[in-house]
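In the text below, chain A, chain B and the rest are named by the order of the sequence lines, each starting its count at 1.
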There are 2 protein chains.
Amino acid sequence: MPAAASRPRTLPTASAARAARMAEIFHALSDPTRLLIFEALRGGEQCVCNLTGILEAQQSRLSFHLKTLKDAGLVNDRREGRWIHYSLDPDALEEVRSALDDLTRAAKSSAAACCRR
Amino acid sequence: MPAAASRPRTLPTASAARAARMAEIFHALSDPTRLLIFEALRGGEQCVCNLTGILEAQQSRLSFHLKTLKDAGLVNDRREGRWIHYSLDPDALEEVRSALDDLTRAAKSSAAACCRR
DNA sequence: CGAATATATCTACAAATCTTGATATGTCAA
DNA sequence: TTGACATATCAAGATTTGTAGATATATTCG
């Protein structure tokens, strides 16, 4: 990694890694079905059977989306007898929130003198 | 699907529409390249030529991602001579933030009695 | 006008994603 | 055990997305 100018150079590796994680989170939230699941879980833990009722989702389809959310670390599951309960992961919630804050905070500074004729 | 308990029924249409819009926003943010663009724009308006330098992106690829962000309403463009400047859309920023707040707020209530043996 | 520059759009194509239907796994109850 | 239930996983096809390269459009400059 060579010298650094004052302004932006090429993508810093750290930034790239963070971007990848954020992309993963946002991707998990980028589907309507998953958002509805997410909303359903806001009120607290729900078993899959309840979710099947709430959404009009086929069983395997629901399972697929739950897995996507879980792989992204947004939800946790817990087995109780033959039922499996999903809930939002509080840490992930915080991560999402701060990711977005990072993203949107500190806008509006200099209009970066650029491309002046 | 028998009688309704106290809790959620089927998906309310309003909720579905909102979920679709939120999904659109989150989808726009679900790619590392786009997130880097987004970050680059936090500091203020940038012309495409600057962005090409910041990211290691081919011209058409950058254009593609800018269009995606624009279609989702997250950025605006403005032509000035032969250059085109992109900037974050303040309203969209607010929309994103409140979408996320909606999503994460008000978790933790009743663990919805469900599937009791 | 014609050339050069900045950027968008089009065209394939590869890879990722979503959906459905079928099957597997784990758990309880008779 | 066996069967019923709850859920996950697999397989295949349709759709969407991202990339690269080629070409088109707008704008300035000479």
Side-chain angles (χ1 to χ4, degrees), chain A residues 11 16 19-20 23-38 40-41 45-72 74-87 112 114-117, chain B residues 1-2 11 16 19-20 23-38 40-41 45-72 74-87 112 114-117:
Chain A
L11 67 179
E24 186 184 22
I25 292 178
F26 287 130
H27 168 257
L29 297 174
S30 73
D31 176 278
T33 301
R34 288 195 289 271
L35 286 172
L36 292 174
I37 293 174
F38 202 99
L41 294 180
E45 198 179 53
Q46 295 277 345
C47 71
V48 178
C49 55
N50 266 6
L51 296 172
T52 312
I54 296 170
L55 314 169
E56 284 163 355
Q58 312 255 137
Q59 188 267 317
S60 75
R61 183 166 155 249
L62 182 54
S63 227
F64 169 79
H65 288 297
L66 285 169
K67 180 166 167 38
T68 302
L69 287 168
K70 186 178 160 192
D71 286 348
L74 298 185
V75 304
N76 297 126
D77 59 349
R78 176 179 72 82
R79 169 154 237 150
E80 188 181 335
R82 16 181 169 169
W83 296 284
I84 299 185
H85 298 256
Y86 280 83
S87 57
C114 102
C115 309
R116 290 269 150 258
R117 200 160 334 168
Chain B
M1 243 113 289
L11 68 178
E24 186 183 23
I25 292 178
F26 287 130
H27 168 257
L29 297 175
S30 74
D31 177 278
T33 300
R34 288 196 290 271
L35 286 172
L36 292 173
I37 294 174
F38 201 98
L41 294 180
E45 198 179 54
Q46 295 278 345
C47 73
V48 178
C49 55
N50 267 5
L51 295 171
T52 312
I54 295 170
L55 313 169
E56 284 162 355
Q58 312 255 139
Q59 189 267 317
S60 75
R61 184 167 154 247
L62 182 54
S63 226
F64 168 80
H65 288 297
L66 285 170
K67 178 166 168 40
T68 302
L69 286 169
K70 187 178 159 192
D71 286 348
L74 297 185
V75 304
N76 296 125
D77 59 350
R78 177 178 70 83
R79 168 154 236 149
E80 187 181 337
R82 12 180 172 170
W83 298 285
I84 298 184
H85 298 256
Y86 280 84
S87 56
C114 102
C115 308
R116 292 268 152 257
R117 199 157 334 169

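A:Leu55 is listed as a side-chain neighbour of A:Ile37, based on a closest heavy-atom distance under 4.5 Å. The shortest side-chain heavy-atom distance between B:Leu69 and B:Tyr86 does not fall under the 4.5 Å cut-off. The closest side-chain heavy-atom distance from A:Leu51 to A:Leu66 is below 4.5 Å.
In this structure, CD of B:Gln46 is placed 11 Å from P of C:dT7, rounded to the nearest angstrom. For the pair B:Asp71 CG and C:dA8 P, the computed distance is 12 Å after rounding to whole Å. Between the C1' atom of C:dC18 and the NE2 atom of B:His27 lies a distance of 13 Å, rounded to the nearest Å. Atom pair A:Phe64:CZ and D:dA8:C1' shows a separation of 13 Å (rounding to whole Å applied). In this structure, B:Arg61 atom CZ and D:dT19 atom P are separated by 4 Å, rounded to whole Å.
Residue A:Gln59 is in base contact, counting any heavy-atom pair closer than 4.0 Å across all strands shown.
Put simply, A:Tyr86 has no side-chain N or O that comes within less than 4.0 Å of OP1 or OP2 on D:dA6.
When the nucleotides D:dG21, D:dG18, C:dC18 are ranked by their closest atom to the side chain of A:Asp31, C:dC18 comes out on top.
For the pair B:Ser30 (side chain) and B:His27 (backbone), a donor-acceptor distance under 3.5 Å is present.
Remark on DNA chain C: of its neighbouring residues A:Thr33 and B:Ile84, the 5'-side contact belongs to B:Ile84, judged by nearest-heavy-atom nucleotide.
A:Thr52 and A:Ala57 make their closest contact through CG2-O, 3.8 Å (heavy atoms, listed as atom of the first residue, atom of the second, distance).
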Restricting both atoms to N or O, compile the protein contacts to nucleotides 25-27 of chain C shorter than 3.5 Å, with distance only.
none

